Amino acid sequence: MATESSRSVSELIREKKEKRSWMRSTEKLVPAFLLLTAVISVLTTVGIVLTLIVETVTFFSKVPLLDFITQREWYPFFESDPAYGIITLISGTLLVAVIAMVVALPIGLASAIYLSEYASDRVRRIIKPILEVLAGIPTIVYGFFALTFVTPLLRSIMPDLGFFNALSPGIVVGIMIIPMIASLSEDAMTSVPRAMREGALALGSTKFEVAIKVVLPAAISGVIASFVLAISRAIGETMIVTLAGGATPKLTFDPTESIQTMTAYIVQVSSGDAGYGTTIYYSIYAVGMTLFLFTLLMNLLAQFISRRFREEY
Amino acid sequence: MNYINKDKVAKKMGSRLAVNGIYKGIFMIATSFALVVLGILLYRIFTQGFSFLTPEFFQNFASRRPSASGIKAALVGSLWVMAVVIPTGLILGVGTALYMEEYAKKNKFTNFLQVNIANLAGVPSIVFGLLGLTVFVRYFDLGRSILAGGFTMALLVLPVIVVASQEAIRAVPKELREASFGMGATKWQTIRRVVLPAAIPGILTGSILAFSRAIGETAPLLVVGAFAFVNYLPENVMSTFTVMPIQIFNWASRPQADFQDVAAAGIIVLFIFLIVMNSVAVLIRNKFQKNY
Amino acid sequence: AACGNGESTEGNGSEDKTSEEAAQLEGEVGIDGSSTVAPIGEAVSEEFAMENQDVKAPIGVSGTGGGFEKFVAGETDISQASRPIKDEEAQAAKDAGIEYTELQVAFDGLSVVVNKENDFIKELTVEDLKKIWVEDGKEKKWSDINPDWPNEPIKLFSPGTDSGTYDYFDEVILDEEPVAKAATLSEDDNVLVKGVQGDKNAMAFFGYAYYLENKDTLKVVPIVNEEGKAVEPTNESVESGEYNPLSRPLYIYVNNASMKEKPQVAEYVKFYMENAGALAEEVGYVSLPEEKYKEQLETIEGLK
Amino acid sequence: MEMTKVVKERKENEDMAANAQKEKSIVYKTDNLNLWYGNDQALKNIDLDIYENEVTAIIGPSGCGKSTYIKTLNRMVELIPTVRTSGKIIYRGKNIFDKGYGVEDLRTRVGMVFQKPNPFPKSIYENVAYGPRIHGIRDKKTLDAIVEKSLKGAAIWDEVKDRLKENAYGLSGGQQQRLCIARCLAIEPDVILMDEPTSALDPISTLKVEELVQELKKQYSIVIVTHNMQQAARISDRTAFFLNGEVVEYAHTDKLFSNPSDKRTEDYITGRFG
Amino acid sequence: MEMTKVVKERKENEDMAANAQKEKSIVYKTDNLNLWYGNDQALKNIDLDIYENEVTAIIGPSGCGKSTYIKTLNRMVELIPTVRTSGKIIYRGKNIFDKGYGVEDLRTRVGMVFQKPNPFPKSIYENVAYGPRIHGIRDKKTLDAIVEKSLKGAAIWDEVKDRLKENAYGLSGGQQQRLCIARCLAIEPDVILMDEPTSALDPISTLKVEELVQELKKQYSIVIVTHNMQQAARISDRTAFFLNGEVVEYAHTDKLFSNPSDKRTEDYITGRFG
Ligand SMILES: Nc1ncnc2c1ncn2[C@@H]1O[C@H](COP(=O)(O)OP(=O)(O)OP(=O)(O)O)[C@@H](O)[C@H]1O
Ligand SMILES: Nc1ncnc2c1ncn2[C@@H]1O[C@H](COP(=O)(O)OP(=O)(O)OP(=O)(O)O)[C@@H](O)[C@H]1O
Ligand SMILES: [Mg+2]
Ligand SMILES: [Mg+2]
Ligand SMILES: O=P([O-])([O-])[O-]
């Protein structure tokens, strides 16, 4: 280690340093730029809320808010006596969401448990990408699947079932969100420390006992959050219910009946005949706003749950 | 004074093991359910659309005659839209994630940002369509262009990219950052030379999945105003366009039965796209997984 | 639909103008509007592009109302419509300073269909239809219409309430009263076809094209016209106006300023009028009488 | 570092124990055990007998296979998918690698305490009751009794008896570790395996756990891995010195520390490496 | 554990060094340093001088604040947002806590080696070239020279010279640690801080690193945290014994191990706790 050359490196560094005063400004500019990108996400929300609010306000100048909340029928197209009872669309939306959850919750959770507790690394590596493909299938494809496969199948089992019903799209929406629940819950479960599992196994637990009594309780916040996010996705789902749910707004909780969801209504109107400036046109924003509030509520709930019940380990 | 009766414990063991076995079976069946559905879906679409999947299908524009119909404009349109979505989504998404993970202090604003991102992730895609129509098409006067559609889709996938990037950035071991800081590196040097390279596989994996979802989205682009019939290729980002899901939707609502099969062929192409993208994501993930 | 007229269409197009003239045209023609009319427009654009490679004529399907919205905002040159423009829309156009011309492009014969197994319906009057479809607070049974018919509930399938097809039916049959609440609605006419195919007590109405395509699996109901004659929708009966009141014209609305300032738009509209008849039949609609197209061609000549 | 002193201080206890050793029966007999992680051999030809009601210490530098060996004794090592073994481990007369040997059974009878305390994210009570519960004990009274007895056995009862319903994560590291020991005692095991149970603890907690181990050995056979040679000297009856996956020396603790027969052992215990 | 012997074996070197010590200047002067993580005080009234071209060892039980202290010397501890400090650390005449004191500058002159080898997931070459690069050195020739010199300085050149382009993760733990030392040498620091640099290494690698430290001290001042008292005794000139965030005793290494002046130090080095 010749001192001569050693001197040169430290000196070089010092020398370069003086020349590179621009580095200081980079250090200041970069965070400013990054902050800007972060602010865009806020602007997006602001944009959404503004877009919705402006038109929604116009809507409520034509239709009293009270009617919107209390009426039990949704017949915007009857020019003589239109009815705008949002509860009708909400019931359709919830009906589909509930059916979807009945399908997706047990299956998604069971898949998550299988993947995180039982499956070998190799199996997991094969199945997870397949689930991701399932999650990435365009919803319009699912829509046709519901219409041309699931509905006829259901009708062959239940001859009384209408051609349009809440059941078929509900089931297919459920299938669509299985991967979401499976993958988010699996993440939550695999992040439960190994030590916890080892502790339980060392006491003579079977894998099932480890999964149900130790891992699941420890991961419960993540699991519940995945449920809530999935519900929110089910509520926001558009094409499947548009295609297979019928377009009959109805205040019902009978899954065999045809219904309309909030999203399906928006699609119906925005691809339909309603003229700009009509009450119907503004109604899609009021429905959009309701939908936005609904999903906002679900998301806040999910976050609250995962924060409130986050286990300390 | 023993409380544990060894015999009883031994006897119980059999039934516990049986329960374990039964549930393992149930869990396995549940997992395969999704796979079976995927199988049925693929089978139906392939048998229906396969006969239209000819080379001409890729070379032709849409036509009133099923046999002359092709997906060229929609395929290229989707690619153009992705060419806008990917850079926009990555710059905004990774930028936001970097800001939140590396620069933001733990304060109310940061917390608000995080909540905001999570909420955006849950906003129905059709609402993004309304936003895109109002802001990009009308307010910024971009018209019904690829740029307007691409920006709308970029905002739609933004939350997913942000969350995936945040996770990837967080997963970069603290030790690597320490090593870099320990040598007198500045924050941005550390990020650019250590954190980002190490996080890129994770960022890409999450982002590709987000982009592959964008490829299949119909509703927001319908609202923003992608055309349903286009018989030319876009020239630049200001061109009008159509995309695969909209073309498929258009075919599927035609009266002629043959168009249903053309739609199925379109779905196959879309699927191939998705599977290629997902495979790339999986490859990246598997290749870089065990680096540290 | 028969492809029989395809070649003659192409022949028609190339006769009228020299190819040099066409090659000079470029730019975009903005078209949006009715999803019902869209297949005709698409066929026109497809043929038009063969001769005018540099003109872009994409078609949007925002629906008749959505199309007018864009038309009024000056975003499109041509708006396709499955019904005439409404007063409010016309007013909005006036306010925006948009002048336009209405052109008919084809007929659609709304077809009333029932399940293939339905052997008792021979014909229906407009009054019968109204009785069946209007909302009156009761469940509809076949026997309510005709005591000889089975005492079974009727399953109704209708196009979405926001479609031009529904609008037209509502106007001419139901006198703008609401359709029965029990009716199942869908935005996608193929879905209605499936609904009727699958239910022996089903009845639906939808565009002529969807009936033509599913002729073998559906039974079409002859409708008693104003002259008291029961008529089935066919190309002839629709074109001649014998099939009434359920045959309706389809329209395009053309922005007059675009016609003047954009040669490609003028050329496109001209091409449309020259070929609409043949192309409409090819995609499942019925052409207007020949004279009607001639008449309209003259109208547009005056706009250039 | 007056190791010899430490050892001498224990002489009295030792004498007694030494006499008893002849009668003591063997709990675990390890016979030519080899173990591979994938292609890397982590254990080589291990032969080792573990005696009833004794504390057997395993020492050696990092990576020598201590943890691997102790985890093989209750087949926990099999959780790592790449692991392969050859040879035998005879526990109470049966080879634990035999086909059909119930691994849950084995682990019920052989408890384990880990390096880092790993209580479940449940209440203190539920942590201890977990084992009895999965083995089918539902009766509240019995469970209460078991919990109390186990916590007493782990010398932590007095500290937690008033807050049994609180989450175990509220306890200090040392308390958590004793809770884990209590959890392990609750199913009344035959053998207790401990992998560096005090390495994450402060000196006072360490002392408590050490005292506890001395107490427990009256009822249980204990195998303890430790980095800390003083600890091995203080609490164990026998010590095995591992190096690179082999047992270099296995002897009575006082013999091994005062008069090691292998040069490597001597180097290690005098701090020449490790 | 004949610590005294170990210490004696080093006497010869020591004598020489001891003479030189009077003239040695102070690199770091810590003056009444306090440090809190949130509300928990981790360092209490630390006064400590670190001398040029010496190895200063810091020992003490787990959690006593060793890592915290060493990370304060190059202000790395500030990466944890809750940290607050009071007092002074004078490095080469300037208080590093002064406003306007360039923290990047400080860290450029004070290198650090961590407990777990933490090479970047890049090639061996790029790992070493990282420091010079971020400081603006681009010239390929100069970089090549620096990389070679640093790898030689860290006694790993011969092992890696043929695979400089390979990923550093392909190296063994011991090699990785020496690579990290090379990386640190590449920017020619004045002081090198080492936080338990051998605790994750096997005995042979440990030996190599220890020899390297002895070599490096000719040019650099070294502060080393270690769990291993033998190691402190083997390689350091002075030793500070930390307990609960305080410096219990700070003295020449031979003095501290052979004749500690504090009872707690004695207890610790004789293995009565820890
Ligand atoms: N999961 C694993 N996969 C591959 N190799 C492993 C694994 N676990 C341990 N090893 C290797 O097996 C050898 C023995 O490891 P083991 O953990 O048994 O050592 P140890 O003596 O307990 O060390 P320590 O004192 O650090 O805990 C080591 O070389 C280690 O690298
Ligand atoms: N990031 C942190 N936040 C809060 N407290 C911390 C943090 N890091 C360390 N501490 C606390 O500060 C004290 C000193 O920790 P430090 O890591 O300096 O100990 P150490 O002597 O290096 O221990 P070890 O030998 O285990 O490395 C401990 O009580 C520890 O719990
Ligand atoms: Mg170990
Ligand atoms: Mg430390
Ligand atoms: O799209 P339509 O307006 O014709 O229903």
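Because the structure is a prediction, the values reported are computed rather than measured. Labels below follow one simple rule: chain letters A, B, ... track the order of the sequence lines, proteins then strands, and each chain is numbered from 1.
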Can you give each donor-acceptor pair under 3.5 Å made by side-chain atoms of residues 80-95 of chain B, sequence neighbours left out, with the distance rounded to 0.1 Å?
unit_1  : atom_1 : unit_2  : atom_2 : d
B/Thr88 : OG1    : B/Val84 : O      : 2.5

Would you give me the side-chain donor-acceptor pairs under 3.5 Å for residues 150-177 of chain B, sequence neighbours excluded?
unit_1   : atom_1 : unit_2   : atom_2 : d
B/Thr152 : OG1    : B/Ala148 : O      : 2.7
B/Ser165 : OG     : B/Ile161 : O      : 2.7
B/Gln166 : OE1    : B/Gln114 : NE2    : 3.2
B/Gln166 : NE2    : B/Glu101 : OE2    : 3.0
B/Gln166 : NE2    : B/Gln114 : OE1    : 2.9
B/Arg170 : NE     : B/Glu101 : OE1    : 3.2
B/Arg170 : NE     : B/Glu101 : OE2    : 3.4
B/Arg170 : NH2    : B/Glu101 : OE2    : 3.2
B/Arg177 : NH1    : B/Glu102 : OE1    : 3.3
B/Arg177 : NH1    : B/Glu102 : OE2    : 2.2
B/Arg177 : NH2    : B/Ile169 : O      : 2.8
B/Arg177 : NH2    : B/Val172 : O      : 3.3

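- Both the backbone and the side chain of E/Arg183 come within contact range of chain B, with heavy atoms under 4.5 Å apart.
- Heavy atoms of E/Pro119 lying under 4.5 Å from chain B belong exclusively to its backbone.
- With a 4.5 Å cut-off on non-hydrogen atoms, E/Phe120 touches chain B through its backbone and its side chain both.
- Checking E/Gln115, E/Gln231, E/His227 one by one against E/Thr198, the side chain to side chain contact (heavy atoms under 4.5 Å, CB included) holds for a single residue, E/Gln231.
- B/Ser207 is linked by a side-chain hydrogen bond (donor to acceptor under 3.5 Å, both in side chains) to nothing, counting only residues two or more places apart in sequence or in another chain.
- Note that OG1 of B/Thr190 and CE of B/Met183 are 10.5 Å apart. Values are rounded to the nearest 0.5 Å.
- Within residues 81-109 of chain E, the residues that have a heavy atom under 4.5 Å from a heavy atom of chain B are E/Glu104, E/Arg107, E/Thr108, listed by number.
- In this structure, a donor-acceptor pair under 3.5 Å is absent between the side chains of B/Thr110 and B/Tyr99.
- Checked by atom type and distance alone, the side chain of B/Lys187 never pairs as donor or acceptor with a backbone atom of B/Tyr103 at under 3.5 Å.
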